[in-house]
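As structure tokens, the structure follows; a few thoughts come after it.
First the proteins, then the strands, lettered A, B, ... as listed; each starts at 1.
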Amino acid sequence: MIDLKYLQSNFDEASQKLRRKSVDVQTLKKLQVLFAELKKANQELETAQAEQNSMSKLFGQYKREGRDIVELKAKVDANKAAMIPLQESAREAEATLYELALGIPNFPDDSVPEGAYEEDNVELRKVLEPISFDFKPLEHWDLAERNGWIDFERGVKLAKSRFSILKGEASRLERALINFFLDTNRDKGFTEYSVPFLNNTAMMLSTGQLPKFQNDQFKICDEDLYLIPTAEVPLTNMYNNEILPESELPLLMTGYTPCFRKEAGSAGRDTRGIIRQHQFNKVEMVAITHPDRSDEVFDLMVANASDILTALGLPHRVVELCTGDLGFSAAKTTDLEVWLPGQGKYREISSISNTRDFQARRAKIRYKDGKKNKLVHTLNGSALAVGRTIVAIMENYQNEDGSIEIPEVLKKYM
RNA sequence: AGACAGGUGGCCGAGCGGUUGAAGGCGCACGCCUGGAACGCGUGUAUGGGGCAACUCAUCGAGGGUUCGAAUCCCUUCCUGUCUGCCA
């Protein structure tokens with residue numbers, strides 16, 4: 001959630017920042033009004049409550065002293081009745097405010113390039129040159145068929161479209177990648193966690209998947225549980241509603257989880273292959289940092305993900321997302337796009353975001369700064385998406401006969 | 001899943017309708033004491049919100065209710081423990 005006090009005191013600046021994320025000024029004005037209304041309603045209610053509390057105290061004292069309480073009782077009853085509408089308006093003001101506020105995206109950093117679409121993202125650098133093939137490289141689904149690596153039909157039979165089965169060497173490759181990613185992350189100082197794949201509504205709200213993206217989530221019926229769309233949810237929320245000693249920061253975490261996404265609004269995109277599945281595996285990095293250090297940790301995370309791709313010998317580029325492509329919670333995002341020779345395109349394989357204090361405010365993750373509690377910064381990024389790495393290995397390591405080599409660094413894992 | 005017991009401050013633990021935001025202890029911080037330490041003594045030690053202060057509101061797992069007044073009573077829910085059942 002954005003800082004409503006900041007919105008209140010620097011409205012023009014705040015609304016300019018959010019205009020870059022296509023948030024209408026009218027919405028923000030409404031938010032500002034609601035915030036003022038809530039404050040006023042709370043003040044009125046508080047005054048009445050203070051009155052009620054002191055009269056109740058007096059009531060007790062009168063009784064103890066055996067004094068007559070009829071008159072006081074009447075006063076106290078009247079005040080109580082007067083409080084009911086105040087309570088209602090305060091409650092209503094709060095509900096309306098938060099409903100709106102929870103749907104407002106984060107402020108983009110000033111450094112984020114302007115743009116509406118993916119095409120406006122800015123390439124920062126390329127790492128490794130795409131390999132030139134002396135034959136026409138195949139797309140991964142063709143290679144999957146030749147090698148018997150992926151069973152699309154039976155995956156669909158078990159669940160529905162956008163589910164698949166990895167078979168034999170492909171399944172082993174997946175397992176090897178997960179171990180390789182986790183080991184590498186651990187070497188870089190990230191502590192490994194194995195977390196629940198189902199998280200409750202409060203957690204999904206805290207990291208920003210809810211309430212706005214309800215339609216993208218798989219929900220368990222009759223339970224207050226969602227299948228996680230990313231390990232960012234459980235890893236970040238491990239510290240939900242906690243106050244951390246400053247000395248413990250930064251917390252660097254990593255974990256492997258499957259991720260579940262409905263991919264609402266992606267109808268027709270990447271329908272072939274395993275680029276876009278309802279269930280995919282991912283190794284995630286999450287960092288909880290002191291606000292002064294989040295940029296530094298961000299760079300570390302980008303470097304780490306890029307180094308992994310380099311170690312796998314996969315050509316990729318580092319791209320800074322423009323305002324239009326930035327996610328809801330992110331203040332800044334850098335994507336890594338891996339070269340897919342079969343498709344002849346760079347495709348996203350990792351996305352690293354700094355949400356600054358946006359998630360921390362929702363999740364109430366603070367650190368002790370002397371006597372005061374301040375919000376931490378939270379960051380998250382993939383290292384890496386496993387399914388897409390398999391695709392990248394298949395396409396980049398294919399031979400003319402359709403066979404696939406295994407990258408050197410993975411050999412000890414298989 | 002069923003039965004019983006319970007969820008109080010960093011921790012332990014009292015309180016079971018009224019000056020209790022919460023006794024007492026431990027821990028921690030600071031000070032005194034000491035050559036230095038332990039002991040001892042003193043002071044302080046939750047979170048969020050509003051007031052640039054005095055002060056005030058909320059919070060005793062969470063949510064609702066009863067009451068002038070609730071940590072204390074009632075309901076719902078979550079969690080923990082023990083026993084029973086089931087299960088990888």
Side-chain angles (χ1 to χ4, degrees), chain A residues 1-10 31-99 101-102 194-206 210-211 219-226 234 237-249 251 258 357-376:
Chain A
M1 204 168 72
I2 59 164
D3 184 355
L4 293 175
K5 278 189 201 160
Y6 167 72
L7 179 74
Q8 205 72 341
S9 53
N10 299 285
L31 197 62
Q32 196 184 27
V33 170
L34 287 170
F35 187 60
E37 276 175 5
L38 175 64
K39 219 168 151 178
K40 184 163 164 273
N42 275 338
Q43 268 164 6
E44 282 171 2
L45 178 62
E46 226 180 69
T47 310
Q49 263 162 346
E51 181 77 357
Q52 189 76 356
N53 287 347
S54 71
M55 281 196 286
S56 288
K57 240 175 206 175
L58 203 61
F59 194 101
Q61 196 187 319
Y62 275 29
K63 269 201 129 174
R64 235 173 295 122
E65 293 168 356
R67 289 169 66 173
D68 182 44
I69 49 138
V70 176
E71 203 179 316
L72 183 60
K73 168 100 165 103
K75 268 174 78 178
V76 123
D77 281 342
N79 188 59
K80 197 188 181 187
M83 269 170 63
I84 291 169
L86 295 178
Q87 271 164 342
E88 260 165 30
S89 59
R91 196 180 299 185
E92 201 185 302
E94 190 173 330
T96 326
L97 174 69
Y98 282 108
E99 195 188 326
L102 288 173
S194 193
V195 293
F197 303 158
L198 302 178
N199 279 200
N200 61 41
T201 303
M203 301 307 119
M204 297 283 281
L205 275 169
S206 290
L210 294 179
K219 182 166 190 320
I220 306 297
C221 68
D222 301 328
E223 296 276 357
D224 178 33
L225 291 170
Y226 292 84
N237 282 306
M238 278 179 31
Y239 295 95
N240 192 294
N241 199 25
E242 292 193 26
I243 300 157
L244 301 157
E246 193 177 335
S247 59
E248 276 185 25
L249 302 179
L251 290 164
D357 62 10
F358 186 83
Q359 291 179 327
R361 183 170 295 104
R362 290 172 165 237
K364 297 189 176 67
I365 307 174
R366 293 92 89 208
Y367 70 96
K368 266 270 188 258
D369 182 25
K371 192 74 183 145
K372 285 201 165 151
N373 298 318
K374 293 191 175 158
L375 295 170
V376 298

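- Within 4.0 Å (heavy atoms only), A:Gln61 reaches no atom of the nucleic acid at all.
- Sorted by first and then second residue, the side-chain hydrogen bond (donor to acceptor under 3.5 Å, both in side chains) pairs with a member in residues 83-96 of chain A form an empty list; sequence neighbours excluded.
- The same atom, P, is picked in B:U77 and in B:U82; the two are 23 Å apart, to the nearest Å.
- Side-chain atoms of A:Leu102 and A:Arg362, non-hydrogen and from C-beta on, do get closer than 4.5 Å to each other.
- Base pairing annotation: B:G44 forms a Watson-Crick or G-U wobble pair with B:C28, both donor-acceptor distances under 3.5 Å.
- Rounded to whole Å, the separation between the P atoms of B:G42 and B:G15 comes to 26 Å.
- Using P as the reference atom, B:U66 and B:A54 are 36 Å apart when rounded to the nearest Å.
- RNA chain B is contacted by both A:Arg91 and A:Phe35; A:Phe35 maps to the nucleotide lying nearer its 5′ end (nearest heavy atom per residue).
- Under the Watson-Crick and G-U wobble criteria, each requiring two contacts below 3.5 Å, nucleotide B:G35 is left unpaired.
- Using a 4.0 Å cut-off between charged nitrogen and carboxylate oxygen, A:Lys40 and A:Glu44 count as a salt-bridge pair.
- Comparing B:A23 with B:G9, their P atoms sit 12 Å apart, to the nearest whole Å.
- With P as the reference atom, B:C16 and B:C11 are 23 Å apart, rounded to whole Å.
- Less than 4.0 Å separates RNA chain B from no heavy atom of any residue of residues 81-89 of chain A.
- For NZ of A:Lys368, the number of neighbouring non-hydrogen atoms (other residues, nucleotides, ligands) closer than 6.0 Å is greater than 12.
- Summarising the geometry, atom OH belonging to A:Tyr239 is positioned 7.0 Å from atom CG belonging to A:Leu244; distances are rounded to the nearest 0.5 Å.
- Comparing the P positions of B:G25 and B:G44 gives an interatomic distance of 13 Å, to the nearest angstrom.
- Pair check for B:C83 finds B:G2; Watson-Crick or G-U wobble, both atom distances under 3.5 Å.
- RNA chain B is contacted by both A:Glu46 and A:Arg64; A:Arg64 maps to the nucleotide lying nearer its 5′ end (nearest heavy atom per residue).
- Contacts of A:Asn373 with the nucleic acid, taken as non-hydrogen atoms under 4.0 Å apart, involve only primed sugar atoms and P, OP1 or OP2.
- Contact annotation: the side chain of A:Val70 never approaches that of A:Lys73 to less than 4.5 Å [non-hydrogen atoms, C-beta and beyond].
- If you walk RNA chain B from 5' to 3' and mark each nucleotide with an atom closer than 4.0 Å to a heavy atom of chain A, the marks span B:G18 to B:G69.
- Rounded to the nearest 0.5 angstrom, A:Leu72 CG and A:Asp77 CG are separated by 9.5 Å.
- One finds the CG atom of A:Asn237 at 10.5 Å from the CD atom of A:Glu242 (value rounded to the nearest 0.5 Å).
- Counting non-hydrogen atoms under 4.0 angstrom, A:Lys40 reaches nothing in the nucleic acid.
- Between atom CD1 of residue A:Ile365 and atom CG of residue A:Asn373 there is a gap of 13.0 Å, rounded to the nearest 0.5 Å.
- At the heavy-atom level, A:Lys57 lies nowhere under 4.0 Å from the strands shown.
- At the heavy-atom level, A:Lys39 lies under 4.0 Å from the strands shown only through sugar-phosphate atoms.
- Atom-to-atom distance recorded for A:Asn241:CG and A:Ser206:OG is 8.5 Å, nearest 0.5 angstrom.
- Here B:G7 sits opposite B:C78 as a Watson-Crick or G-U wobble pair (both hydrogen-bonding atom distances under 3.5 Å).
- The partner of B:U20, taking Watson-Crick or G-U wobble pairs whose two distances both stay under 3.5 Å, does not exist in any strand shown.
- Look at B:A70: it lacks any Watson-Crick or wobble partner with both distances under 3.5 angstrom.
- The P atoms of B:U84 and B:A14 are separated by 28 Å, rounded to the nearest whole Å.
- Rounding to the nearest 0.5 angstrom, the gap separating the CG atom in A:Leu375 from the NZ atom in A:Lys364 is 10.0 Å.
- Between B:C26 and B:C79, the distance separating the two P atoms is 36 Å to the nearest Å.
- Using a 4.0 Å heavy-atom cutoff across all strands shown, A:Asn53 reaches sugar-phosphate atoms only and no base atom.
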